[in-house]
Asker: 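Next up is a structure, given as structure tokens.
Throughout, a chain's letter reflects where its sequence line sits, starting with A, and its residues are numbered from 1. Since the model is a prediction, treat every value here as computed from it, not as a measurement.
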2 protein chains.
Amino acid sequence: MQQDNRSARVKILAAAVQLFAEYGYHASSMREIARIAGIQAASIYYHYPSKQALLVEIMQVHMNQLNTNLERIIGKPHNFEQCLYDAFSNHIILHTTYKPEFFIIDTEIRALDPENRGRILCLRDQYEDLIQGLLQEGMEQGVISQTDVKIASYAIIAMCTEVAQWFRPGGRLTVQQVIEIYFQMITKGLLNLKDNAEIAEESAHI
Amino acid sequence: MQQDNRSARVKILAAAVQLFAEYGYHASSMREIARIAGIQAASIYYHYPSKQALLVEIMQVHMNQLNTNLERIIGKPHNFEQCLYDAFSNHIILHTTYKPEFFIIDTEIRALDPENRGRILCLRDQYEDLIQGLLQEGMEQGVISQTDVKIASYAIIAMCTEVAQWFRPGGRLTVQQVIEIYFQMITKGLLNLKDNAEIAEESAHI
DNA sequence: GTCTATATCGGGATAGAC
DNA sequence: GTCTATCCCGATATAGAC
């Protein structure tokens, strides 16, 4: 038997992440969080003022991480294609590495009280603005074709976020392979519907 | 003042949809559902055996509608491109028309007890299988390029589902225009990253 | 810093009158 | 078919000892 040397604060937050992700915020009790952390429910209140504070902490830490990384990627001098790759790579890596945390961010916004909700939604808007600015840059450079930046950003963010739902570390694909596939789908088309001329040409080559 | 002629069953379910979507299943009380439906909480139990039954009813009705429509679209003799269009058109139209209902389906699976969860997840798997079968058909016909069918289906479903989050009826775009944009993004690429030869060619044309 | 004990509240569901 | 009244439970959070 090894003892668990993590601080109580860390163990409490880890337990909250696990339960909020599996059962949802409202279905998770402070008693159960405490049980998993190995303490009594009342002891949580020495470290955190409320259950809501646990949720806010989880969301803030990881939204800040997502934004800070993206700011660093976009902020330095760059080649557009590489920058685009790094941006979505960051999104997919964080969402798969911290799957329960980002799942909570995506599903428990409504469990926040109005003040906290505003703060977290502001971080999400910042992230979307950064992504949209990057796409805008590519369009202005003529490196990507003209498109509705907002719609494209929402579509890409949605499909990259969803990766975390099915990705299994140690499975058929590594995360780097998944990133490569998604980058290809985003920049070269998901399905590549061929017109009749293309189909005829391909048949001729056989 | 007009009286509300809908049956009690309908009013109860509509109230449940509204509250489950806005606050989540566990954060919505039977008392509040009853208040919105204009009756007492105890009266709900004449129409539905439990709160869980309300959730199951909402999910089943709309997943069945989604599947039934798609089966009809795929089942009849068809041109592949048109069929693909109709399939995603069905997805986007239902998800925007019944936005709260599908939002509940997407976020409250974990609120179902194990037996009900299995039943609903089975309907979702059926839907994914139908979409994947369609993509497989297109690949075998050579109408779309070789791709990982599962990954492509997950990516496309995710981006089409997300439309409901930002789409506003009466806004800048009609739902038909949105469907057209998404069909283009899916079949012709979201961003269309150009290589250097293409950029040079475009410059030459100016 | 963690405990036991408890205050206080609101939840789902039921009984039985009308 | 809807009501009032209520049971019973588990929730968050606090008080105060150690």
Asker: Is it true that B:D148 and A:R172 make a salt bridge, defined as a side-chain N closer than 4.0 Å to a carboxylate O?
Answerer: yes
Asker: Whole-Å distance between C:dT8 P and A:M30 CE?
Answerer: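 Roughly 20 Å, once rounded to whole Å.
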Asker: Determine: side-chain N/O of A:R31 to OP1/OP2 of D:dA11, distance under 4.0 Å, yes or no.
Answerer: yes
Asker: Going by heavy atoms closer than 4.0 Å, what residues in residues 33-51 of chain A are next to DNA chain D?
Answerer: A:A42, A:Y45, A:S50, A:K51
Asker: Starting at atom NE2 of A:H26, determine the distance to atom P of D:dT12, rounded to an integer number of angstrom.
Answerer: 11 Å
Asker: Under 4.0 Å between a side-chain nitrogen and a carboxylate oxygen: does that hold for A:E108 and B:R110?
Answerer: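 Between B:R110 and A:E108 there is a salt bridge, with a charged N closer than 4.0 Å to a carboxylate O.
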Asker: Crowded around A:Y98 OH? As in, over 12 foreign heavy atoms under 6.0 Å?
Answerer: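 Count not over threshold, so no.
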Asker: Between A:M30 and A:L54, is there a side-chain heavy-atom distance shorter than 4.5 Å?
Answerer: yes
Asker: Mind checking whether A:H62 and A:F102 have parallel, tilted or perpendicular rings, split at 30° and 60°?
Answerer: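 Ring orientation, 0 to 90° scale: perpendicular.
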Asker: Mind checking if B:S28 touches a base, just sugar-phosphate, or nothing, with heavy atoms under 4.0 Å?
Answerer: sugar-phosphate
Asker: Can you tell me how far P of C:dG12 sits from CG of B:D113, to the nearest Å?
Answerer: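 To the nearest whole Å, that distance equals 15 Å.
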Asker: Tell me, yes or no, whether the heavy-atom count around B:Y154 atom OH, taken from other residues, nucleotides or ligands under 6.0 Å, exceeds 12.
Answerer: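 Correct, the count exceeds 12.
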Asker: Is B:S29 close enough to C:dG10 that one of its side-chain N or O atoms is under 4.0 Å from OP1 or OP2 there?
Answerer: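 For B:S29, the contact criterion (side-chain N or O under 4.0 Å from OP1 or OP2 of C:dG10) is not met.
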Asker: Check this for me: B:Y23, atom OH, are more than 12 non-hydrogen atoms of other residues, nucleotides or ligands nearer than 6.0 Å?
Answerer: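 Check fails, neighbour count at 12 or below.
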Asker: Between B:Q141 and B:E137, is any side-chain donor less than 3.5 angstrom from a side-chain acceptor?
Answerer: yes
Asker: Under 4.0 Å, heavy atom to any atom of DNA chain D: which of residues 11-23 of chain A qualify?
Answerer: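 Nothing qualifies; none.
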